[in-house]
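What follows is a short report on a single structure.
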Protein chains: 2
Amino acid sequence: MENSEKSRGGRPRAFDPEAALDAAMHLFWEHGYEATSLAMLRKAMGLTPPQIYNAFTDKETLFRRALARYHEREVGFALDALGAPVPVKEAIRLLLMGAAEAYTRPGKPGGCLFISGALATSPQAQAIADELKTYRKATEAAIAARLGKGQEAGELPANLSVERLAKYLTGVMHGMSIQARDGASAEDLRALAGIALAAWAAEMRKAADSNGETDARPVLHD
Amino acid sequence: MENSEKSRGGRPRAFDPEAALDAAMHLFWEHGYEATSLAMLRKAMGLTPPQIYNAFTDKETLFRRALARYHEREVGFALDALGAPVPVKEAIRLLLMGAAEAYTRPGKPGGCLFISGALATSPQAQAIADELKTYRKATEAAIAARLGKGQEAGELPANLSVERLAKYLTGVMHGMSIQARDGASAEDLRALAGIALAAWAAEMRKAADSNGETDARPVLHD
DNA sequence: CAGGTTTCGTATCGATCACTATGGAAAATT
DNA sequence: AATTTTCCATAGTGATCGATACGAAACCTG
């Protein structure tokens, strides 16, 4: 329910906006917001400047559109892991393993657009940096919410800080993104995620231990 | 043995190159290589363009000088943790806790220059991106070397992959850097590091278990 | 067909980018 | 003091940045 194919007269577009947006998204993903010039976009999208500006208003709007598209098409399924009807630990495992795959897809730039898109920017692009930070914080909040749900379900120790664990898990995903940028393979990232998940068992034990008994180990391996 | 204070005649400099380099480093740290313009540098360093170019050749050289200075003055002590005469687990703990502190110093930009400096760049700045990747890989290699030493000393299971554990630990540090950028406090990062280190015990146990005995636990909670 | 509307291609716009030419001023060397 | 050497400040270089003005072309509605 948006402006679908409703063209109210006038000369029709000579290009596919979706395909153009896709090309722009990949370019932003690879080079980041500021380092992606209009000349590069023009070439990759196969369009002239007026075509780009008529269809997407300006560079900033184009980037935001690319972010939304990335969110839907490239990492949506990973975040969907948090909504899967599985135990919380399995949901987190699906999330991290999904990230390992999403950050190393053949033919795609390595890492996550929400990080590569802009980390340090010029003062003029501060709004873009803030927008990406919002996406990252939303991920962290979604993880924390899932952990909280698991905690209420009794799957996690009651005295565990879901905020801190969420910050750790989000941080691990960020680290995976940079490792992917630095050439890590999907297998490398899966191994990394596996070690990160090992912290899970240890952290559960620690929380349970500090709850009273010091050496009576609860269930550990997976 | 460099060009120390040896000025072979001519008009002396009217500014302190070290202080100027320091200002440039902080600006690059905050905004990254490409987003830091000469106009910004000029203002922060309090110099005119010819002064900058005469003292530092060009922007790229200035950035590399800033990287070296950052390496020495801001994160050197953290990497020194790897050379400390302590057990390997304690060395890693010192490293991560040092990073937590270095990434959140009051009055300094959050996170690590080796990440904020350039992650996604324009094709023209590819050499800079590669240089930063080299620094990051050097960190990973140093961690792997320390782990290998600990393994030889019998402090780590013989069948443990030090490369994978090093990649995990480096990834955690990268994640901490981004979390710091997103506003995480030193305490937040210490908590994150604490959870990451909990993975340590779990990973040790996993490796030891797969080595034969399934329930004879090696030393865990230090 | 005429009128209205939208996009097209071409050729730029002013601003900012990293960088430097020029010439005089200041200090060390002779 | 004369010469040499280096740095200073002013001003401006060509290139590229994101974004547009313009008029012709292509569609819809009457």
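Proteins get letters first, then strands, A, B, ... in listed order; numbering begins at 1 in each.
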* To do: Report the residue (B:Met40 or B:Arg11) whose heavy-atom-nearest nucleotide on DNA chain C is the more 5′ of the two.
  =>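 Nearer the 5' end of the strand: B:Met40.
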* To do: Give a yes or no on whether a salt bridge exists between A:Glu152 and A:Lys149, defined as a side-chain N under 4.0 angstrom from a carboxylate O.
  =>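 Judged by the 4.0 Å cut-off on N to carboxylate O distance, A:Glu152 and A:Lys149 do not form a salt bridge.
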* Are the ring centres of B:Phe114 and B:Tyr70 closer than 6.0 Å? ->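 When the ring centroids of B:Phe114 and B:Tyr70 are compared, they turn out to be within the sub-6.0 Å range.
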Rounded to whole angstroms, how far apart are [atom1] on [X] and [atom2] on [N]?
| X | N | atom1 | atom2 | result |
| --- | --- | --- | --- | --- |
| B:Gln51 | D:dC8 | CD | C1' | 7 Å |
| A:Phe56 | D:dG18 | CZ | P | 16 Å |
| B:Leu38 | D:dC17 | CG | P | 17 Å |
| A:Ile52 | C:dC8 | CD1 | P | 11 Å |
| A:Gln124 | C:dA15 | CD | P | 15 Å |
| B:Tyr53 | C:dA18 | OH | P | 7 Å |
| B:Leu41 | C:dT16 | CG | P | 17 Å |
| A:Asp58 | D:dC17 | CG | P | 17 Å |

Select base, sugar-phosphate, or nothing to describe what [X] touches, counting heavy atoms under 4.0 Å on all strands.
| X | answer |
| --- | --- |
| A:Phe15 | sugar-phosphate |
| A:Ala55 | nothing |
| B:Thr57 | nothing |

* Most 5' of A:Pro12 and A:Ala35 on DNA chain D, judged by nearest nucleotide ->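 That would be A:Ala35.
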* Between B:Arg146 and B:Ala84, which heavy-atom pair has the shortest distance, and what is it? ->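 Shortest heavy-atom separation between B:Arg146 and B:Ala84 comes out as NH2-O, 4.5 Å.
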* Heavy atoms only: give me the nearest A:Arg181-B:Leu119 pair and the separation to one decimal. =>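 Here A:Arg181 and B:Leu119 meet closest at NH1-O, 3.8 Å.
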* To do: Apply the test side-chain hydrogen bond (donor to acceptor under 3.5 Å, both in side chains) to residues B:Glu131 and B:Thr134: give CA-CA distance (whole Å), side-chain angles for both, the deciding distance (0.1 Å), then the verdict.
  => CA-CA 5 Å; B:Glu131 174 83 2; B:Thr134 299; 5.3 Å; no
* Tell me, which of residues 43-50 of chain A have any heavy atom that sits under 4.0 Å from an atom in DNA chain C? ->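 Hits under 4.0 Å, by residue number: A:Thr48, A:Pro50.
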* Verify side-chain hydrogen bond (donor to acceptor under 3.5 Å, both in side chains) between A:Ser185 and A:Glu187, making sure each step is shown before the conclusion. => CA-CA 5 Å; A:Ser185 68; A:Glu187 187 184 341; 5.2 Å; no
* Asked: Nearest to the side chain of B:Lys59, which nucleotide is it out of D:dC17, D:dC7, C:dC19?
  ->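 Ranking D:dC17, D:dC7, C:dC19 by closest atom to the B:Lys59 side chain puts C:dC19 first.
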* Cation-aromatic face contact A:Lys59/A:Tyr33, 6.0 Å, 45 degrees ->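 Flagged: A:Lys59 positioned over aromatic ring of A:Tyr33.
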